> 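The structure is given below, and queries will be raised subsequently.
Keep in mind the model is a prediction, meaning the values are calculated, not measured. Basis for what follows: all heavy atoms, side chains included, without hydrogens, waters or symmetry-related copies.
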Amino acid sequence: MTDPTQVTGETPEPPADALRHSPLHERHAALGAKFAAFGGWSMPLEYAGGGVLREHAAVRTGVGVFDVSHLGKARVTGPGAADFVNACLTNDLGRIGPGRAQYTLCCDEATGGVVDDIIAYLYGPEHVFLIPNAANTAEVVRRLRAAAPAGITVTNEHQAYAVLAVQGPRSAELLGTLGLPTGHGYMSFSTAELGFSTTGAATPTGDLVSLVVCRTGYTGEHGYELVVPAEAAGTVWDALLAAGEPYGIRACGLGARDTLRTEMGYPLHGQDLSPEITPVQARAGWAVGWDKPAFWGRDALLAEKAAGARRTLWGLLALDRGIPRPGMAVLGADGTPVGTVTSGTFSPTRKAGIALALLDTAAGLGQDDEVAVDVRGRRAAVRVVRPPFVQPSVK
C-alpha cells in the first residue's frame with residue numbers, strides 16, 4: 001500500500017492538538033490583528049483601527065480582503081475522478097462543465113447528516129479540486145480515500161495553498177488593476193499568472209505566481225477567491241493591499257466574515273449544518289442531486305424528504321434590542337421551547353439582531369410569526385423570516 005504522505009502534493013495534517021498558522025500570520029500580527037482559534041487554526045478575528053463594523057462596511061460598500069487559508073484543499077485525480085466524486089457528494093457535477101465550481105455536501109451514508117459542506121472545482125473528467133472546511137478536511141479525505149477505486153488518487157493539500165477572498169462591489173476593479181481576470185461568471189474559475197518585480201511590486205513582467213481566480217465568496221457581495229501557492233501568499237497579499245488603497249480596501253477578519261454570511265443566511269458547518277443536521281432540515285436540498293443514482297446518504301435523505309423533516313432552518317429578526325446567540329432557546333407564545341438558535345449576531349446593515357434557528361415542524365411556525373428567544377433569562381421578541389436579511393449582490 002502506498003504511504004499517502006508520499007503522494008505528490010500531499011500535505012499531512014498536523015496533530016489534532018496543534019494550532020496551525022496561516023502563511024500570512026506575521027502580516028496579520030503587524031496589522032494589529034486580534035487572533036482567535038477556529039477549526040484548529042489561529043486566524044484574525046478583527047484588525048486594529050477598524051474592528052468588525054468597519055470591516056463589514058468595507059465589504060458592503062467597497063472592498064475587503066480576507067485570509068481564509070484555514071479552509072481545506074484536497075485534490076481527486078485519475079480516470080473517472082469526476083464520476084467518483086459525483087457518486088460520493090450530494091450535488092450533481094453533471095450540471096456543470098470544466099471551469100465551473102459547485103457548492104456540494106459530504107453526507108453520512110447512514111444518517112444523511114452533513115459531514116461537511118464543500119466547494120468543488122471541476123477541471124475535467126479526471127480532475128476535481130475540493131475546498132472543505134478547516135476542521136473537516138482530514139475526515140473528508142479519509143472518506144474519499146476509503147471509497148476510491150483503483151486508479152483514483154485523493155491528496156490532502158491543506159497547507160500547500162493559501163486562499164484569499166477579495167469581496168465587495170469594487171473587487172473587480174481591484175483585481176483588474178493587477179491584470180487578473182474578472183469577467184468570468186458566478187461560480188466559475190480561471191487560472192492566471194501575476195507578475196512581480198524583484199522588489200515584490202506587482203508588474204506585468206518579472207517573476208510569475210500562478211493562481212486560480214474563482215468567482216465565489218461567503219459574503220453575499222460580488223467577489224473572488226484566489227487560490228495561491230502558500231509560499232507566494234505574502235507577496236499576493238501585499239499586492240492586493242497596495243493596489244486596493246485607492247478603493248479604501250480593508251483587511252477583514254472572521255468576525256466580519258460571520259456577520260456578512262449571517263446576513264445572507266449562509267450556513268456555517270458545526271452550527272447550521274452538522275452530522276446531526278441534514279440538508280433537508282437546513283433547507284439545502286437545492287445542493288442535492290435528488291435524481292442521481294448514488295451519493296452518500298441518498299436513502300436516508302430521500303426517506304426524510306418524503307416523510308417531512310422534524311425541524312427546519314428559519315431566520316429570526318429581532319423586534320427589540322435582544323441579540324440571539326447560538327444555543328439559545330426559541331420559545332413559543334406560551335413559553336414552550338420550539339427550537340434552537342444555530343447562528344446569531346448583530347446585523348450592521350439592518351441595525352438589529354438576526355439569527356438562523358432550527359424550529360420544530362410540530363410547532364407549525366412560518367413566515368412572519370412572532371416568537372421569542374431566551375436571552376439570558378429574558379424573552380426577546382423576534383419575527384420568523386426567510387433569509388437573506390440583506391439583498392445579495394453576488395452577481
> Would you say the side-chain atoms of D238 pair up with the backbone N or O of T235, donor to acceptor, closer than 3.5 Å?
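No: the side chain of D238 does not pair with the backbone of T235.
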> Less than 4.5 Å apart, any side-chain heavy atom of T191 and any of S210?
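With C-beta onward as the side chain, the pair stays apart.
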> For a side-chain contact (heavy atoms from CB on, under 4.5 Å) check, start with the C-alpha distance between V52 and F346, then their side-chain angles and the critical distance, and finish with the verdict.
CA-CA 11 Å; V52 172; F346 173 78; over 6 Å; no
> Quick check on the hydrophobic clustering: are L301 and L273 connected, directly or via other members, by side-chain heavy-atom contacts under 4.5 Å?
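Different clusters: L301 never reaches L273 through Ile, Leu, Val, Met, Phe, Trp or Tyr contacts under 4.5 Å.
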> Can you tell me how far apart CG (L254) and NE2 (H70) are? Round to the nearest 0.5 Å.
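Interatomic distance, L254 CG to H70 NE2, rounded to 0.5 Å: 5.5 Å.
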> To check you understand the geometry: which heavy-atom pair defines the closest contact between Q167 and T219, and what is its length?
OE1-OG1, 2.8 Å
> Could you walk me through whether L174 and R170 pass the side-chain contact (heavy atoms from CB on, under 4.5 Å) check?
CA-CA 6 Å; L174 167 56; R170 306 199 73 178; over 6 Å; no
> Are side-chain N/O atoms of Y103 and N91 paired as donor and acceptor at under 3.5 Å?
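There is no such pair (donor and acceptor under 3.5 Å, judged by atom type) between the side chains of Y103 and N91.
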> Under 6.0 Å between ring centres: does that hold for H184 and Y186?
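No; Y186 has its ring centre 6.0 Å or more from that of H184.
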> Aromatic rings H222 and Y224: how do their planes relate, parallel, tilted or perpendicular, breaks at 30° and 60°?
perpendicular
> Determine whether F295 and V288 make a side-chain contact, defined as any pair of heavy atoms from C-beta on separated by less than 4.5 Å.
yes
> Between the side chain of R261 and the main-chain N/O of Y218, is any donor-acceptor distance below 3.5 Å?
no
> Is it the case that more than 12 heavy atoms not belonging to F38 sit under 6.0 Å from its CZ atom?
no
> Between the main-chain N or O of F129 and the side-chain N or O of K73, is there a donor-acceptor pair closer than 3.5 Å?
no
> Other residues, nucleotides and ligands only: do more than 12 of their heavy atoms fall within 6.0 Å of CZ on R325?
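Result for CZ/R325: enclosed.
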> Side chains of L105 and L89: closer than 4.5 Å at any heavy-atom pair?
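When only atoms from C-beta onward are counted, L89 and L105 do not touch, as no gap falls below 4.5 Å.
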> Side chains of T278 and E304: donor-acceptor distance under 3.5 Å anywhere?
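There is such a pair between these side chains.
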> Does any non-hydrogen side-chain atom of I277 lie less than 4.5 Å from one of R311?
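A side-chain contact under 4.5 Å exists here.
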> I'd like to know whether CZ of R321 has more than 12 heavy-atom contacts from other residues, nucleotides or ligands below 6.0 angstrom.
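Counting other residues, nucleotides and ligands, CZ of R321 stays at 12 neighbours or fewer.
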> For residues V330 and A357, report the shortest heavy-atom separation together with the two atoms involved.
CG2-CB, 4.1 Å
> So V76 and I152, side-chain contact (heavy atoms from CB on, under 4.5 Å) or not? Walk me through it.
CA-CA 7 Å; V76 185; I152 299 293; 3.7 Å; yes
> Is there side-chain contact between I323 and V375, with heavy atoms separated by less than 4.5 Å?
no
> Rounded to the nearest 0.5 Å, how far does NE2 of H25 lie from NE2 of H28?
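NE2 of H25 is found 8.5 Å from NE2 of H28.
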> Determine, using the 4.5 Å side-chain heavy-atom cutoff (strictly less than), whether V341 and V385 are members of one ILVMFWY cluster.
no
> Give a yes or no on whether the backbone of A57 and the side-chain of T61 come within a donor-acceptor separation of less than 3.5 Å.
yes
> Could you give me the CA-CA distance, side-chain angles and deciding distance for V115 and W296, then say whether side-chain contact (heavy atoms from CB on, under 4.5 Å) is met?
CA-CA 10 Å; V115 175; W296 292 337; over 6 Å; no
> Kindly give the heavy-atom pair with the smallest separation between A352 and L317, and that separation in Å.
CB-CD1, 4.2 Å
> Can you tell me how far CD of E126 sits from OG1 of T153, rounded to the nearest 0.5 angstrom?
11.0 Å
> Within the distance-only criterion (no hydrogens, no angle test), does the side chain of D108 pair as donor or acceptor with the backbone N or O of A110 below 3.5 angstrom?
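It does hold such a pair.
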> Ignoring hydrogens and angles, tell me if any N or O in the side chain of W41 forms a donor-acceptor pair with the backbone of S69 under 3.5 Å.
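Not at all, since once roles are kept as given, no pair shorter than 3.5 Å links the two residues.
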> Side chains of R75 and H127: donor-acceptor distance under 3.5 Å anywhere?
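Side chains of R75 and H127: pair found under 3.5 Å.
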> Do P149 and F84 make a side-chain contact, defined as non-hydrogen atoms from C-beta onward lying under 4.5 Å apart?
yes
> In Å, rounded to the nearest 0.5 Å, how long is the span from CD of E225 to OG1 of T216?
3.5 Å
> Please confirm whether the backbone N or O of Q271 pairs with a side-chain atom of S274, one donor and one acceptor, at under 3.5 Å?
no
> If I compare all heavy atoms of P229 with all of V209, which pair ends up nearest, and what's the gap?
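Result for this residue pair: CD-CG1, 4.3 Å.
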> Measure from the side-chain N and O atoms of T342 to the backbone N and O of L356, and report whether any donor-acceptor pair falls under 3.5 Å.
yes
> Could you tell me whether D272 and R283 have a side-chain N and a carboxylate O separated by less than 4.0 Å?
no
> Treat each ILVMFWY residue as a node, draw an edge where side-chain heavy atoms are under 4.5 Å apart, and state whether L31 and F35 are in one component.
no
> Within the 3.5 Å criterion, strictly below it, is a donor on T155 or E157 matched to an acceptor on the partner's side chain?
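There is such a pair (donor and acceptor under 3.5 Å, judged by atom type) between the side chains of T155 and E157.
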> Within a reach of under 6.0 Å around CZ of R376, are more than 12 heavy atoms found that belong to other residues, nucleotides or ligands?
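Counting other residues, nucleotides and ligands, CZ of R376 stays at 12 neighbours or fewer.
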> Would you name the heavy atoms of T262 and F389 that are closest together and state the gap between them?
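Looking at all heavy atoms of both residues, the shortest contact is O-CD1, 3.4 Å.
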> Within the distance-only criterion (no hydrogens, no angle test), does the side chain of R215 pair as donor or acceptor with the backbone N or O of S190 below 3.5 angstrom?
no
> For E263 and T349, indicate whether the former's side chain and the latter's backbone hold a donor-acceptor pair under 3.5 Å.
yes
> To the closest 0.5 Å, what do you measure between OG1 (T361) and CD (Q281)?
8.5 Å
> Let me check something: do I118 and L122 share a hydrophobic cluster, defined by ILVMFWY side-chain heavy atoms less than 4.5 Å apart, either directly or through other members?
yes
> Before accepting this row, confirm whether a basic side-chain N of the pair R143/D116 lies closer than 4.0 Å to the acidic partner's carboxylate O.
no
> Out of curiosity, does I354 fall in the hydrophobic cluster containing L359 (side-chain heavy atoms, cut-off under 4.5 Å, transitive links)?
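Looking at the clustering, I354 is in a separate group from L359.
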> Would you say the side chain of P169 lies within less than 4.5 Å of the side chain of E221, judging by non-hydrogen atoms?
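Side-chain contact under 4.5 Å: yes.
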> Which heavy atom of P132 sits nearest to which heavy atom of T137, and what is that distance?
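Shortest heavy-atom contact: CG-OG1, 4.0 Å.
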> I want to check something: taking the side chain as every heavy atom from C-beta on, are L226 and L240 in contact at a cut-off of under 4.5 Å?
yes
> Could you tell me the separation between the CD atom of E370 and the CG atom of L365, rounded to the nearest 0.5 Å?
11.5 Å
